[in-house]
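Numbering of ligands and ligand atoms starts at 1, following listing order.
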Amino acid sequence: MAAAPTIVWFRDDLRVADHPALSAAAERGAPVVALYVLDEGSPGVRPLGGAARWWLHGSLESLAADLDDLGVPLVLRRGAGADVVREVVDDAGADAVVWNRRYGAAREVDAGLKAGLADDGVDVRSFQASLLFEPWTIRTGQGTPYSVFTPFWRACREAPEPRHPLPVPGRLDGTRLDGDRLADWALLPTRPDWAGGLRETWTPGPAAARERLEEFAADAVQDYADGRDRMGDPVVSRLSPHLRFGELSPFEAWEAMRPKRSEGAARFRTELGWREFAWHVLYHFPDLATRNLRPEFDAFPWPRLHPTALEAWQRGRTGIPLVDAGMRELWRTGSMHNRVRMVTASFLVKHLLIDWRRGEQWFWDTLVDADEASNPFNWQWVAGSGADAAPYFRIFNPETQAAKFDADGAYRRRWLPDPDTDDSPEPIVDLAEGRREALAAYESVKVAAASARA
Ligand SMILES: Cc1cc2nc3c(=O)[nH]c(=O)nc-3n(C[C@H](O)[C@H](O)[C@H](O)COP(=O)(O)OP(=O)(O)OC[C@H]3O[C@@H](n4cnc5c(N)ncnc54)[C@H](O)[C@@H]3O)c2cc1C
């Protein structure tokens, strides 16, 4: 009798290299079912935004091709993840299911499924693949989670060094099952097709990710410490969407820096550390995208929920050149320079006094790297309501930031329309007045917090 198959449930780990669950399935020696579920209904699974859906399409095409080279067809199904996995266990007559762990609210789905399948005698195993350090292994001396980055990262660096990446398994015995056609999921925009700028800017898939990492590690990383903040011609890896979809694992990025001694390489590893920190915070606060980490911000008087101001910000028509350039870069390419993300986010929350959740949702919809942890974490960081956040009264001045990090104006010229051919909007807010109002609103939060304590 043929051996019962093993199901590998792919989620945000769309690769075949350094994939512990796939490697474990290979080791079992039984036939392999590779499954991806488009899950838009399970609790804790946040439906993808438009730009991320575009990316997912390309990523699944690459994964299907890479699995095909290993002799395994990729089975696509749609529905609530746990229900679909159970259905596939039945269809395939599988006796084992493996996956790489996830750390957001959806981990409850995984825990429930694991217990249920184990009761039915199915062998379920999960693996560490998407984080260098798992959240329950990094704790303060008192056993609590860290709320400040520097001691968090020190504790990570004192923990055992991240493992070496695993190789791609050899040829496998794949199992074919009925499934959906990728095209039927309609992940790509059609009417209108707004993805032209995304196609020009990005190539989803592990091959492009690996090429980017190799190029960056070979040379650019040396200048990363100084070059990362430059807006016009930044020295950055541009790996975030690849890491987001797990086309590249953080262990592979870490490994590429292992032989390097430069300040740039150390700084790059620290940025991977910020990604870890965001995920650890999400693990401990699963509603990070909707709830202020610092509850005193619940009393914040968001006074001007002005639809035209929100729309002007979204469309890059605030009349503040650096803000508009950033928002147009985002709309066109599905990405934005890190420092400009900080400036545009700060402008929305502080100068326009619009709730950070509105901005977070816009970024969620428009970023190709929109990440369940990093996006809300960084928005709360900018708003002042988050972990180790910038204090609220530190208000980025877009003009000063532009003078410092886009001194020759190259970034703004690249993204702003030509002033001779396009009407440039007048500033929708006076920067100095906006700053004064933001500080006054913050004072009222402090007063509310003090009276709550009294
Ligand atoms: C308001 C706001 C929202 C953001 N939303 C996201 C998001 O949804 N997804 C996302 O991946 N990043 C987000 N970031 C963080 C950061 O801007 C991007 O990770 C970075 O610009 C990606 O470019 P890169 O890959 O060239 O980064 P590099 O500078 O080359 O950094 C290497 C990697 O480190 C990680 N990293 C760097 N900075 C941060 C950070 N501040 N927080 C968490 N991880 C970091 C990323 O995985 C990145 O790919 C946000 C930042 C802000 C201020």
Closest non-hydrogen protein atom to atom 33 (C) of ligand 1, residue and atom name please, with distance?
Leu272 CD2, 4.1 Å
Tell me, please: is [X] in heavy-atom contact with ligand 1, that is, under 4.0 Å?
| X | value |
| --- | --- |
| Ala278 | no |
| Arg244 | no |
| Phe277 | no |

With a 4.0 Å cut-off, would you call [X] and [Y] a salt bridge?
| X | Y | answer |
| --- | --- | --- |
| Arg102 | Asp12 | no |
| Arg414 | Glu329 | no |
| Asp324 | Arg317 | no |
| Arg341 | Asp369 | yes |

Could you check whether [Y] and [X], counting side-chain N and O atoms only, form a donor-acceptor pair closer than 3.5 Å?
| X | Y | answer |
| --- | --- | --- |
| Asn378 | Trp274 | no |
| Tyr103 | Glu372 | no |
| Ser262 | Gln222 | no |

Going by distance only, is there an N or O of [X] that falls short of 3.5 Å from an N or O of ligand 1?
| X | answer |
| --- | --- |
| Arg238 | yes |
| Asp371 | yes |
| Glu271 | yes |

Just which atoms of ligand 1 are under 4.0 Å from any heavy atom in [X]?
| X | answer |
| --- | --- |
| Asn378 | 2 (C), 3 (C), 4 (C), 14 (N), 15 (C), 40 (C), 41 (N), 42 (N), 43 (C), 50 (C), 51 (C), 52 (C), 53 (C) |
| Tyr224 | 28 (P), 29 (O), 30 (O), 31 (O) |
| Trp379 | 1 (C) |
| Arg275 | 43 (C), 44 (N), 47 (O) |
| Phe268 | 30 (O), 32 (C) |
| Leu239 | 25 (O), 49 (O) |

For the pair Met327 and Trp415, evaluate side-chain contact (heavy atoms from CB on, under 4.5 Å) and give the outcome as yes or no after the intermediate values.
CA-CA 9 Å; Met327 298 309 291; Trp415 296 110; over 6 Å; no
Nearest non-hydrogen partners of Leu322 and Ala402, listed with the distance
CD2-N, 3.9 Å
Option set Leu248, Asn338, Val236, criterion heavy-atom distance to atom 16 (C) of ligand 1, minimum:
Asn338
